Visitor: 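This is the structure I have questions about; it appears just below.
The structure displayed is predicted, hence computed values, not measured ones.
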Amino acid sequence: MNMALFWQAALVGILGYLGAVDSIVMGGVAYGFYILGRPLIAGFMCGLIFGDVKAGILCGLAVQAVFIATMHTGGTSSTEITYASYGGIGLAMATTKDPAIAVTLAIFIGQTFGLIFYNLRMAGFSYFNHRADRDIDRFNKHALIMDQVVWPQIITFLVRAVPIWAAIYFGRGAVEALLKVIPTQITSIITVLGGLLPALGIAMLMNMLIKNKLQLIYFLFGFAMIAFAKMSTIGLVFIAVLIAYLVYQISGKTGNNNSSNSSDTQKAIQTEDEYEDADLF
C-alpha cells in the first residue's frame, strides 16, 4: 500500500469537496466553486500536493482553456468541472504530469463519472427536501437542520471526495499500465488531440464574446506578435491596454459627434416646422 499516494489522493479529494458549488465550508460559489473549483487553482493545489507546482499549473492552464466556455443551462450541465479539475489533473499529476494527458483525463472523468455522481447527489437532495417539508409542518428545527445542512454535506463529501480519491489512488496503476500497452503512435495521437482541445475551448469563448468579426483583428495581432515576433505576454498586455485606450477615445469622440449631429438635425427640423406653422397663419 502506497501511503504517500493514499494521502495525496485524499487531500485532492477533500479539495474536490471544498470546491463544490454546494459545499458550505468555502461559501459555495463565493470561495469554493468559482475559486477553489476552477481548473487553474486546482492545478496549482495539485502541484503543491504532488511536489511539482510548475507541472500542476501547466496542467491547470490546459484544462482551464478547455472548460473556459462551459455553461450551465437550467440546472443541467454537459460536464462536472470539479471532478474534471481535481480528478483529471490529480490523476495526471500522479502519473505522467503531461498537460495533454490531463486534458484527456479531465474530460473523461468530468463527463462520465462526474455527471453520474452529480445526478446521484441531486437525487439524494430531493429526498431530503421532501423530509424538510415534513419537518417544517411539524416545527422540528433540529430535523430541518439535519435535512438541509448536515445530511447534504455528508452526501456531497461522499460523492465527491471519495470518487476523486479512488480515481487517483486506483487509477494511477491503470493509467500507467495502459500507457505501457498502448502503441507509441496512439499515445502521440492522444497528446496531439489533447493539445487541440484547449484551442477549441478558447474558440468557443471567442464565439460567445465577439459580435463584430472585425474584432478578430486584435486577436490575430496578438497571436502574431507572440508566435512570430516572440514577444512576451507582459509586453503584449501593455500594447493591448494602449490599443484599448485609443479605441475607447476614438469611439467616444465618434459618439459625441454623432450625438451633436443628431441634435443639430433635430434643431433644424424643429426650426423648419416653426416656419411652416408661421406660413399657415
Visitor: OG1/Thr104 to CG/Leu91 distance, rounded to the nearest 0.5 angstrom?
Guide: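 The distance works out to 11.0 Å.
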Visitor: Could you tell me whether the side chain of Pro152 reaches within less than 4.5 Å of the side chain of Asp22, counting heavy atoms only?
Guide: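 Of all side-chain heavy-atom pairs linking Pro152 with Asp22, none is under 4.5 Å.
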Visitor: CD1/Ile109 to CD1/Ile168 distance, rounded to the nearest 0.5 angstrom?
Guide: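 Here the interatomic distance stands at 7.5 Å.
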Visitor: Taking all non-hydrogen atoms of both residues, which atom of Ile164 and which atom of Gly16 are closest, and how far apart?
Guide: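 Closest approach of Ile164 to Gly16: CD1-CA, 3.9 Å.
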Visitor: First locate atom CD1 of Ile101, then atom OG1 of Thr95, and finally report the distance between them rounded to the nearest 0.5 Å.
Guide: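 The CD1 atom of Ile101 sits 7.5 Å away from the OG1 atom of Thr95.
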Visitor: On the ring face of Phe67, is Arg38 found with NZ or CZ under 6.0 Å from the centre and within 45° of the axis?
Guide: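 Negative - Arg38 is either too far from the ring of Phe67 or too far off its axis.
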Visitor: Of all heavy-atom pairs between Ile89 and Pro39, which one has the smallest distance, and what is that distance?
Guide: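 In terms of heavy atoms, the two residues are closest at CD1-O, 3.5 Å.
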Visitor: Could you pull out all residues at least two apart from Leu242 that satisfy side-chain contact (heavy atoms from CB on, under 4.5 Å)?
Guide: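 side-chain contact (heavy atoms from CB on, under 4.5 Å) list for Leu242, sorted by chain: Leu246.
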Visitor: Same cluster for Ile49 and Phe170 if Ile/Leu/Val/Met/Phe/Trp/Tyr side chains link at under 4.5 Å?
Guide: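 Linked within one cluster.
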Visitor: Quick one: do Leu61 and Phe223 end up in the same hydrophobic cluster if we chain Ile, Leu, Val, Met, Phe, Trp and Tyr together by side-chain heavy atoms under 4.5 Å apart?
Guide: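 No, because Leu61 and Phe223 fall into different hydrophobic clusters, even though each may have its own neighbours under 4.5 Å.
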Visitor: Of Phe157, Tyr17, Tyr31, which is the lone residue that meets side chain to side chain contact (heavy atoms under 4.5 Å, CB included) with Ser23?
Guide: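 It is Tyr17; the other options fail the test.
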Visitor: Group every Ile, Leu, Val, Met, Phe, Trp and Tyr by side-chain heavy-atom contacts under 4.5 Å, then state whether Ile155 and Val150 land in the same group.
Guide: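 Ile155 and Val150: one cluster.
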Visitor: Are Leu11 and Trp165 side-chain neighbours, meaning at least one heavy-atom pair lies under 4.5 Å?
Guide: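 Side chain of Leu11 against side chain of Trp165, heavy atoms only: no contact under 4.5 Å found.
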Visitor: Under the salt bridge (Lys or Arg N to Asp or Glu O under 4.0 Å) test, which residues partner Arg134, sequence neighbours left out?
Guide: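 Testing Arg134 for salt bridge (Lys or Arg N to Asp or Glu O under 4.0 Å), a comparison that skips the adjacent residues, returns none.
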Visitor: Would you compute the distance between atom CD of Gln153 and atom CZ of Arg160 and round it to the nearest 0.5 angstrom?
Guide: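 The distance works out to 10.5 Å.
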Visitor: Rounded to the nearest 0.5 Å, how far does CE of Met45 lie from OG of Ser85?
Guide: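 Interatomic distance, Ser85 OG to Met45 CE, rounded to 0.5 Å: 13.0 Å.
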Visitor: Show your working on side chain to side chain contact (heavy atoms under 4.5 Å, CB included) between Phe139 and Leu144 and close with a plain yes or no.
Guide: CA-CA 9 Å; Phe139 297 100; Leu144 182 62; over 6 Å; no
Visitor: Relative to each other, are the rings of Tyr83 and Phe117 parallel, tilted or perpendicular (30° and 60° limits)?
Guide: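 It falls in the parallel class, under 30°.
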Visitor: Look up atom CZ in Arg131 and atom CG in Asn140, then write down how far apart they are to the nearest 0.5 Å.
Guide: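 Arg131 atom CZ to Asn140 atom CG measures 9.5 Å (nearest 0.5 Å).
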Visitor: Are Ile14 and Met3 linked, directly or through other ILVMFWY residues, by side chains that come within less than 4.5 angstrom of each other?
Guide: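 Result: yes, single cluster for both.
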Visitor: Any chain of hydrophobic side-chain contacts (each under 4.5 Å) joining Leu236 to Phe219?
Guide: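 Leu236 does not cluster with Phe219.
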Visitor: What salt bridge (charged side-chain N to carboxylate O under 4.0 Å, His left out) pairs are there with at least one residue in residues 42-59, not counting sequence neighbours?
Guide: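 Non-adjacent pairs meeting salt bridge (charged side-chain N to carboxylate O under 4.0 Å, His left out): Asp52-Lys97.
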Visitor: What is the minimum heavy-atom distance between Ile41 and Ile35, and which atoms define it?
Guide: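 Taking Ile41 first and Ile35 second, the nearest heavy atoms are CG1-O, 3.1 Å.
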Visitor: Nearest heavy-atom pair of Cys46 and Tyr86: which atoms, and what distance?
Guide: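 Minimum heavy-atom separation between Cys46 and Tyr86: SG-CD2, 4.1 Å.
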Visitor: Indicate the atoms forming the closest heavy-atom contact of Leu5 with Phe50, along with that distance.
Guide: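 So the two residues come closest at CD1-CE2, 4.3 Å.
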Visitor: Hydrogens and angles aside, do Gln148 and Asn129 bring a side-chain donor and acceptor to less than 3.5 Å of each other?
Guide: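 Result is yes, a qualifying pair exists.
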Visitor: Take Arg172 and Asn2 through the test side chain to side chain contact (heavy atoms under 4.5 Å, CB included) and record every step on the way to the result.
Guide: CA-CA 11 Å; Arg172 177 182 178 179; Asn2 192 340; 3.6 Å; yes
